[in-house]
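Note: hydrogens, waters and symmetry copies are ignored here, and every other heavy atom, side chains too, is used. Throughout, a chain's letter reflects where its sequence line sits, starting with A, and its residues are numbered from 1.
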Amino acid sequence: MDLETIKSTLEANVPDCRLEVIVNPSPSGQHSLLVDAEHAFAVASFLRSSAGFNYCSNVTGIDWPAKELSEKVKVKKIVDGVETEIDEVSKTMIPGCLEVVYHLFSMSEKIGPLPLRMRTQDRAEGVHLPSLTPVWRSAELQEREVFDLFGVVFDGHPDLRRLLMWDEFEDHPMRRDYVNPDDYEYEPTAHDDVLQRANQHRSTVGER
Amino acid sequence: MDEKLKAELSKQGIFTTSLQELYNWGRKSSIWPLNFGLACCAIEMIATTMARYDLARFGAEVFRPSPRQADLMIVAGTVTKKMAPQVVRLYNQMPEPKYVISMGACAISGGPFKQGYNVLKGIDRFIPVDVYIPGCPPRPEALIDAFLMLQKKIDEQQLTGKDRPRHLTAGEASEFIVPLFGAHDLEPTQNPAVWRPPLVQISKAGTDGSGND
């Protein structure tokens, strides 16, 4: 069963779901299925009950910060009465989001992995995604870990608490813009980034 | 007591000792470690106590599961920031005199996880450490060596005078600050009464008090 077949089966059985196959160009060719958050639970339930994907081996998160994409476009313009081609740089902002990836297997059909992806609206307020723990029980702790380290809030999770960091902790350390605490007071063999942070620490705290 | 006279007397079959020697000998020969490990170093610690390396030869066979009955804390492994308050609390619950062996790169400085957001950069930031053993993890021989070093240290302790150990001075603290879980890091991140950052630039040695024990 290839990804396109799964996609068309899902589209036929889960009405209005928006699916997208994300092609992986690397030699592994592990293409994945992007599912919209509203229908993710229905899609997951169908995959489990009817498509035989009875095992979720892995849940992980990805942080996609907002990035600026600059494209060079050749535009024909009339300069001093002569038509010439001029490069114009058009800049577009790609908004950031958080992504959660589930690796699904079918033990009975011996197929997998099927990477199932979901994306949040943004990285600030709209970080809610439906929890797939009611579908695959094995996702429980791993969704807690994604909540802890990336800050994705899983609606419908039975016990959404931080897993690795303490409850009072406010940051999400696996996000790309996480700044770790300034405890660089003793770095005897500092180099590269650490040296930079150590020098920064020294300039703020005072020369030692 | 005069050492020569003592040697002469022992030749005559008369055994003499001082209270200090007897006291130190008793303590160093019955160091009971606290039965607790944090990471892979604990596996080496367990190996040290088993038949092949047999730490019991040095009087430390009784690993106590309760801090109330332990003399020695072997901090064996990575101290995460989430675990650090519990380690300090266990240390506080141990009765004096108490000793600490910081075992392995992680317990000394954070080791390979030093730049991580979740690992304490050395347990000596919160509790006083007597012996450090480098290694990742240190072999059982290294732990035995540290143990012998600790025994030597105990043996040389004075019961009176200004060099006497902490527990013999009435006003000295035997409990240390237990850090709280903060929003971004532990609060405080270190106990300045126990640890100050050592000098990084050697040329500045002696210009201030930092790094001096």
Practice item. Determine the option with the most heavy-atom pairs under 4.5 angstrom with chain B, choosing from A:Y184, A:F169, A:Y178. Key: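 Option with the top pair count is A:F169.
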
Practice item. Tell me, out of A:V194, A:D193, A:N180, A:D167, who's got the most heavy-atom pairs with chain B below 4.5 Å. Key: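 Of A:V194, A:D193, A:N180, A:D167, A:V194 has the most heavy-atom pairs under 4.5 Å with chain B.
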
Practice item. Cation-pi check, B:K98 to B:Y91: give yes when NZ or CZ is under 6.0 Å from the six-membered ring centre and within 45° of the ring axis, no otherwise. Key: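 Yes, B:K98 lies over the aromatic ring of B:Y91.
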
Check your understanding: Does any N or O in the side chain of A:R197 come within less than 3.5 Å of the main-chain N or O of A:D183, such that one atom is a donor and the other an acceptor?
Key ->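 No; judged by distance alone, with no hydrogens or angles, the pair does not exist.
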
Review point. At a heavy-atom separation under 4.5 Å, does B:K114 approach chain A through its side chain, its backbone, both, or neither?
Key: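 Only the side chain of B:K114 comes within 4.5 Å of chain A.
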
Review point. Contact part of B:K82 toward chain A, heavy-atom cut-off under 4.5 Å: side chain, backbone, both or neither?
Key: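 Contact with chain A is through both the backbone and side chain of B:K82.
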
Check your understanding: Would you call A:D159 and A:R161 a salt bridge, using N to O less than 4.0 angstrom?
Key ->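 A:R161 and A:D159: salt-bridged.
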
Practice item. May I ask you to say whether B:K121 pairs ionically with A:E187, meaning some side-chain N is under 4.0 Å from a carboxylate O? Key: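 Result for this pair is yes, salt bridge flagged.
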
